[in-house]
Student: 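Structure in structure tokens, see below.
Per chain, numbering begins at 1; letters A, B, ... match sequence-line order.
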Amino acid sequence: MELNRDEMLTLLAELLASHGPIGDEREIDALVLREFRATGARTWQDGMSNIYAHVPGDGPRVMVAAHKDELGLIVTHVEDDGCLRVKPLGGAMPWKYGEGPLDVIADNGEIVTAILSFGSTHTRSGPMGEFRRGERTPAWNDVTLFTGLLPEELSQKGVHIGSRAVIARSRKRLKHLPNDHIAGFAFDDRMGLTGLVFALRQLVQQPVAADLYMVATTAEETGYLGARRAAQVLRPDIVLALDTGAITPDTPTTLDARPVVWYDEEAPNSLSDCNALVRLAEELGFGAQPVVYEYAGSDAGGVRRVGLADRTMALGFPRLNSHGYEIARADALVNGTSLLLAWLRQL
Amino acid sequence: MNQEEMLQLLDELIRAHGPIGDEREVEAIILREFEATGVRVWQDGMSNITAQVPGEGPKVLIAAHKDELGMIITHVAEDGVLKVMPLGGPWPWKYGEGPLDVIAEDGTIVPAVLSFGATHTRSGPVGEYRKGTRTPAWEDVTVFTGMSRDELRAAGVRIGSRAVVARSRKSLLRLANNHIGGFAFDNRIGVLIVIDALRQLAVDPAPGADVYISAPTAEETGYLGAIRVAQLLQPEIVIAIDTSPLTPDTPTEFDTRPVIWVGEPGNSRPDCDTLIRLADELGFGSQQVVYPFAGSDAGGIQRIGLAARTMGFGPAYINSHGYEITKADSLGNVTQLLLAYLRQL
């Protein structure tokens with residue numbers, strides 16, 4: 001069965017548009033449950049919100065993880081004028097977001113629009129003065145979220161300390177650029193989720209020699225918490241994470257259609273499995289980019305470091321601007337998913 | 001115009017691009033709106049657009065600048081990655097990563113992405129941002145197009161081409177309790193107000209003034225358009241209609257009262273007093289402000305002696321030079337104040 005690139009991009013666009021800031025992932029959960037269930041595989045959700053699909057088979061227990069949480073913000077204060085103060089969830093940076101609309105998610109799931117605000121630049125005082133002089137980096141403490149609502153109105157709508165905020169849906173559309181490029185927020189890890197769903201569809205039709213669990217994990221961005229919980233429950237032999245392939249100044253990764261194979265992420269992944277991935281990518285014709293990351297981590301490494309799997313590896317989609325408005329090659333989505341399937345089939 | 005009509009026109013104005021020096025899109029709308037009133041309208045060689053409602057009395061120039069903040073391409077790499085410099089005072093951390101529109105020679109849009117690079121690093125500028133020691137600067141920014149240098153050249157993009165926040169990010173946003181948000185409120189709001197005023201003056205001219213309403217260029221880079229218009233017109237009185245930022249060093253409050261700039265050097269104090277009195281008579285009142293770090297076309301003209309009496313006012317707003325927010329009810333108040341001032345001359 002061929003992977004259909006356009007169908008993959010359609011699902012990616014739908015996933016991007018659905019919200020899932022760490023810990024309030026209702027919207028994306030609904031999509032993932034829908035897609036997993038539609039394959040016919042046994043699907044369930046645990047008490048932490050991780051979503052599992054099981055494709056039974058004879059062989060090692062394999063957990064393939066793509067995380068469903070995205071970067072976001074959490075409300076820390078509601079000021080007297082109805083402005084909100086926030087802390088980041090995961091590695092969101094205010095200078096990556098810029099000023100503009102955010103969606104604050106109320107208790108009932110409805111969206112309250114807010115504007116990420118740094119204030120007026122026509123001053124030399126305060127933080128703005130420091131930014132004008134180039135003295136320090138804008139921080140989340142310098143940001144307020146303007147809602148136009150009064151505290152009582154916010155409370156009535158179900159917005160309070162602890163409510164999540166995320167980039168506004170209007171800014172989360174999949175953008176197409178020339179020469180097969182795509183761009184958008186939350187590619188991390190909606191590209192991985194897309195790969196997971198399309199792989200699952202094929203694996204249900206043609207199972208492999210493994211007891212296979214596909215898991216959409218929560219809270220990867222805050223310490224691989226969902227994956228660790230899933231691994232405690234599943235006790236896998238092997239964990240493979242589908243995640244980013246960040247192009248950084250200190251790695252030789254390039255923006256092309258070759259999947260990134262993580263040989264190391266604070267602790268080395270399984271050398272023979274990484275070698276197998278690189279070899280398979282060559283055989284499939286598109287090749288791979290081996291990388292050693294010093295400052296990136298995945299669910300696979302997160303599980304490895306707490307001793308919950310024998311063999312781990314991570315596979316990523318090469319992208320610019322990690323944790324911001326990312327840019328990738330659409331063909332990388334197809335190639336990465338093909339590589340995942342090829343690796344599972346050679347078990 | 002009623003408020004809904006104003007907001008629809010404002011949305012259209014905001015979505016039209018006009019980064020300093022490439023203002024074709026917004027000019028088309030302004031020419032359309034000015035010409036629809038039936039008065040004499042012309043555009044000079046610098047692109048300033050002016051309409052005249054003749055009358056007996058002092059020559060009054062009302063300026064609402066049509067240029068917006070943007071970027072200009074300084075380098076085109078072989079892989080099609082662009083470097084830019086700011087036009088006027090935009091800040092890359094106010095824009096954030098995301099879509100930009102590059103305007104090609106023939107006016108078509110080439111999509112691009114403002115990029116800071118990966119955060120999963122401790123090297124380079126991002127390494128410094130992670131330590132909190134460096135403010136993101138335009139030299140740290142690359143603009144990704146996905147096209148090769150040859151493809152860009154064929155598309156009419158080169159050094160000197162302008163870039164601006166993408167149209168998809170420039171719609172008027174309606175917020176709770178009649179607030180509105182968007183890029184380029186500075187000074188599409190001013191343009192909106194003078195269009196509204198011109199429509200009313202064309203039907204019912206001010207009896208004691210020879211009124212010129214102008215949408216000049218290049219306010220953001222030194223009031224250059226307004227200064228040129230003033231050189232040609234030699235007005236007695238100049239009024240700048242511009243958005244009035246709330247800052248930590250001024251007492252301006254965020255409400256619907258027009259903000260009158262009383263501190264620009266050479267501003268006419270008697271005329272400012274008149275504006276304050278008229279605003280009280282109209283029922284909504286006004287705020288006065290002395291800005292240490294903001295300037296208007298009125299001040300720019302006054303400083304080189306091109307008018308006798310100058311003043312500036314406009315609606316209060318927050319997040320100047322970024323994603324701006326104001327109260328919709330403040331717009332009509334500014335139009336009413338402007339017309340009341342003209343009619344008492």
Student: Heavy-atom distance under 4.5 Å to chain A: side chain of B:Tyr95, backbone, both or neither?
Tutor: backbone
Student: Do the non-hydrogen side-chain atoms of A:Leu149 and B:Asn177 ever get within less than 4.5 Å of each other?
Tutor: yes
Student: Tell me, out of B:Asp79, B:Leu173, B:Thr250, who's got the most heavy-atom pairs with chain A below 4.5 Å.
Tutor: B:Leu173
Student: Examine whether an atom of B:Pro292 lies under 4.5 Å from a heavy atom of chain A, and if so say whether it belongs to the side chain, the backbone or both; otherwise answer neither.
Tutor: neither
Student: Side chain of A:Ser120, backbone of B:Leu246: donor and acceptor closer than 3.5 Å?
Tutor: yes
Student: Using the rule salt bridge (Lys or Arg N to Asp or Glu O under 4.0 Å), only one of A:Lys175, A:Arg171, A:Lys96 pairs with B:Glu97; which is it?
Tutor: A:Lys96
Student: Heavy-atom pairs under 4.5 Å with chain B - which of A:Leu177, A:Thr121, A:Thr248 has more of them than the others?
Tutor: A:Thr121
Student: Output, in order, the C-alpha distance, side-chain angles, deciding distance and verdict of side chain to side chain contact (heavy atoms under 4.5 Å, CB included) for B:Phe254 and A:Asp81.
Tutor: CA-CA 11 Å; B:Phe254 191 36; A:Asp81 59 2; over 6 Å; no
Student: Who among A:Leu320, A:Thr113, A:Asp250 has the most heavy-atom pairs with chain B under 4.5 Å?
Tutor: A:Asp250
Student: Counting heavy-atom pairs under 4.5 Å with chain B, which one of A:Arg133, A:Glu130, A:Glu326, A:Glu135 comes out on top?
Tutor: A:Glu135
Student: Using a 4.5 angstrom heavy-atom cutoff, name the option from B:Pro111, B:Ala112, B:Gly132 with the most pairs to chain A.
Tutor: B:Gly132
Student: Counting only heavy atoms not in A:Glu110, do more than 12 fall under 6.0 Å of its CD?
Tutor: no
Student: Apply side chain to side chain contact (heavy atoms under 4.5 Å, CB included) to residues A:Met93 and B:Arg130 and explain how you reach the verdict.
Tutor: CA-CA 9 Å; A:Met93 309 265 173; B:Arg130 293 191 71 119; 4.3 Å; yes
Student: Can you tell which of A:Ala296, A:Gly91, A:Ala246 has the highest number of heavy-atom pairs within less than 4.5 Å of chain B?
Tutor: A:Ala296
Student: Distance check, rounded to the nearest 0.5 Å: A:Thr144 atom OG1 versus B:Ile318 atom CD1?
Tutor: 7.0 Å
Student: What is the minimum heavy-atom distance between B:Val113 and A:Tyr325, and which atoms define it?
Tutor: CG1-CD2, 3.5 Å
Student: Do the two ring centres, one from B:Phe116 and one from A:Trp95, sit under 6.0 Å apart?
Tutor: yes
Student: Would you mind telling me which of B:Tyr291, B:Trp91, B:Tyr317 has the largest number of heavy-atom pairs within less than 4.5 Å of chain A?
Tutor: B:Trp91
Student: For atom CD of B:Glu78, decide whether the heavy atoms of other residues, nucleotides or ligands shown that lie under 6.0 angstrom number more than 12.
Tutor: no
Student: Are B:Trp93 and A:Phe118 near enough that their ring centres are under 6.0 Å apart?
Tutor: yes
Student: Indicate yes or no: at least one non-hydrogen side-chain atom of A:Asn179 is less than 4.5 angstrom from one of B:Glu151.
Tutor: yes
Student: For B:Thr133 and A:Arg136, indicate whether the former's side chain and the latter's backbone hold a donor-acceptor pair under 3.5 Å.
Tutor: no
Student: Just wondering, more than 12 heavy atoms not from A:Asn108 lying within 6.0 Å of its CG?
Tutor: yes
Student: To check you understand the geometry: which heavy-atom pair defines the closest contact between B:Ala176 and A:Thr147, and what is its length?
Tutor: CB-O, 3.8 Å
Student: With the side chain counted from C-beta on, respond yes when B:Pro248 and A:Pro127 share a heavy-atom pair under 4.5 Å apart, and no when they do not.
Tutor: no
Student: Does some side-chain heavy atom of B:Phe144 sit less than 4.5 Å from a side-chain heavy atom of A:Asn321?
Tutor: no
Student: Might you point out which heavy atoms bring B:Thr119 and A:His323 nearest each other, and give the distance in Å?
Tutor: OG1-CB, 3.4 Å
Student: Hey, does the side chain of B:Asn319 reach the backbone of A:Gly119 with a donor-acceptor pair shorter than 3.5 angstrom?
Tutor: yes
Student: Give the member of A:Gly324, A:Ser117, A:Ala114 that has the highest number of heavy-atom pairs under 4.5 Å with chain B.
Tutor: A:Ser117
Student: Which bit of B:Ala294 comes within less than 4.5 Å of chain A, counting heavy atoms only: side chain, backbone, both or neither?
Tutor: both
Student: Between B:Val110 and chain A, with a heavy-atom cut-off of 4.5 Å, which part of the residue counts as in contact: side chain, backbone, both or neither?
Tutor: neither
Student: Can you name the closest pair of heavy atoms from B:Ser168 and A:Arg173 and give their distance?
Tutor: O-NH2, 4.3 Å
Student: For A:His160, look at atom NE2 and say whether over 12 heavy atoms of other residues, nucleotides or ligands are found less than 6.0 Å away.
Tutor: yes
Student: Run the numbers on A:Ile115 and B:His179 for side chain to side chain contact (heavy atoms under 4.5 Å, CB included), then give the verdict.
Tutor: CA-CA 11 Å; A:Ile115 309 289; B:His179 292 93; over 6 Å; no
Student: Taking the side chain as C-beta and beyond, is there a heavy-atom pair between B:Ser115 and A:Ile327 under 4.5 Å?
Tutor: yes
